[in-house]
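Here is the structure we will look at, set down as structure tokens.
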Amino acid sequence: MDTETTENFAAELRARLAELERMSVLSADGRKVVELDQQAVGRVSRIDAIQAQSMALATEERRSAERQRIGAALKRVASGDYGYCLNCDEAIDPRRLTIDPAAPLCLDCAKG
């Protein structure tokens with residue numbers, strides 16, 4: 001893969017990382033501890049708030065995992081290993097990287 005193509009993928013990865021960080025900051029309130037003050041909130045509202053908090057925490061865990069994948073891909077860019085399968089060392093099809101620029105495996109290794 002040529003340098004320009006690699007840099008285009010790296011720019012896309014950095015943009016996605018920035019977007020994940022922005023979404024994480026915007027959703028911070030949804031992950032806060034739910035108050036159990038019975039005077040302030042009714043039982044059904046507390047249950048709804050706890051469920052919303054649980055979903056926000058799960059979403060943040062997925063964001064964190066994606067940030068880690070992107071960080072690993074950016075390290076591969078820096079080391080010159082980007083675009084090569086971590087399992088078999090063959091080049092990853094650029095069409096696969098277009099769909100998922102953080103993909104660490106070629107399609108054959110990902111299937112197997």
Side-chain angles (χ1 to χ4, degrees):
M1 180 179 315
D2 64 39
T3 305
E4 183 180 347
T5 303
T6 300
E7 279 306 311
N8 288 339
F9 282 125
E12 189 176 329
L13 287 164
R14 286 188 288 272
R16 179 63 181 150
L17 190 59
E19 176 66 13
L20 288 168
E21 292 296 334
R22 187 184 72 75
M23 290 173 16
S24 183
V25 169
L26 291 174
S27 67
D29 282 346
R31 297 186 307 272
K32 288 183 179 176
V33 176
V34 176
E35 293 290 327
L36 296 178
D37 181 7
Q38 292 186 9
Q39 303 299 328
V41 180
R43 183 181 318 161
V44 174
S45 295
R46 277 195 313 279
I47 292 170
D48 287 342
I50 290 169
Q51 183 179 17
Q53 176 199 33
S54 178
M55 290 187 317
L57 289 169
T59 300
E60 185 59 26
E61 285 178 21
R62 286 190 298 277
R63 278 190 204 115
S64 179
E66 188 172 355
R67 283 193 301 264
Q68 289 176 353
R69 289 181 70 240
I70 291 170
L74 288 171
K75 285 181 183 177
R76 290 192 303 276
V77 168
S79 70
D81 294 328
Y82 181 77
Y84 294 95
C85 179
L86 293 180
N87 194 30
C88 69
D89 254 358
E90 294 295 320
I92 298 173
D93 189 327
R95 294 175 296 181
R96 178 167 170 74
L97 294 172
T98 299
I99 294 168
D100 180 9
L105 302 174
C106 68
L107 191 57
D108 289 337
C109 289
K111 285 181 181 178

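Heavy-atom basis, side chains included; hydrogens, waters and symmetry copies ignored. Given the structure is predicted, the values throughout are model-derived calculations rather than measurements. For this chain, numbers begin at 1 and follow the sequence in order.
Going from atom CG of L86 over to atom CD1 of I92 covers 7.0 Å, rounded to the nearest 0.5 Å. Taken to the nearest 0.5 Å, the CD atom of Q68 stands 11.0 Å off from the CD atom of E66. Between D100 atom CG and F9 atom CZ the span is 10.0 Å, to the nearest 0.5 Å. Between the CD atom in E7 and the CE atom in M1 there is a gap of 11.5 Å [rounded to 0.5 Å]. Annotation: the span from D89 atom CG to D81 atom CG amounts to 7.5 Å, rounded to 0.5 Å. Considering CD of Q51 and CD of Q53, their distance stands at 11.5 Å, rounded to 0.5 Å.
Between L74 and L17 the shortest side-chain heavy-atom distance falls below 4.5 Å. Side-chain contact between P101 and R16: absent, with no pair of heavy atoms (C-beta onward) separated by less than 4.5 Å. A 4.5 Å side-chain heavy-atom check between E90 and C109 finds every atom pair outside the cut-off. Side-chain contact check for E21 versus V25: every heavy-atom pair is 4.5 Å or farther apart. Between R96 and C106 the shortest side-chain heavy-atom distance does not fall below 4.5 Å.
Checked for salt-bridge contact, R22 and E19 meet the test: a charged N lies under 4.0 Å from a carboxylate O.
In this structure a side-chain-to-backbone donor-acceptor pair under 3.5 Å is missing from S54 to I50.
Taking each heavy atom of L13 and A73 in turn, the nearest pair found is CD1-CB, 3.8 Å. Shortest non-hydrogen contact noted between P104 and R69 is CD-NH2, 4.0 Å. Residues S27 and E60 come closest through the heavy atom pair OG-OE1, 4.2 Å. When all heavy atoms of R67 and S24 are compared, the pair lying nearest together is NH1-CB, 3.8 Å.
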List the steps, then state whether side-chain contact (heavy atoms from CB on, under 4.5 Å) holds for E4 with N8. CA-CA 6 Å; E4 183 180 347; N8 288 339; 4.1 Å; yes

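Cluster annotation: I70 and Y84 are assigned to distinct hydrophobic clusters (Ile/Leu/Val/Met/Phe/Trp/Tyr, side-chain heavy-atom contacts under 4.5 Å, transitive).
Checked by atom type, the side-chain pair R95/T98 shows no donor-acceptor distance below 3.5 Å.
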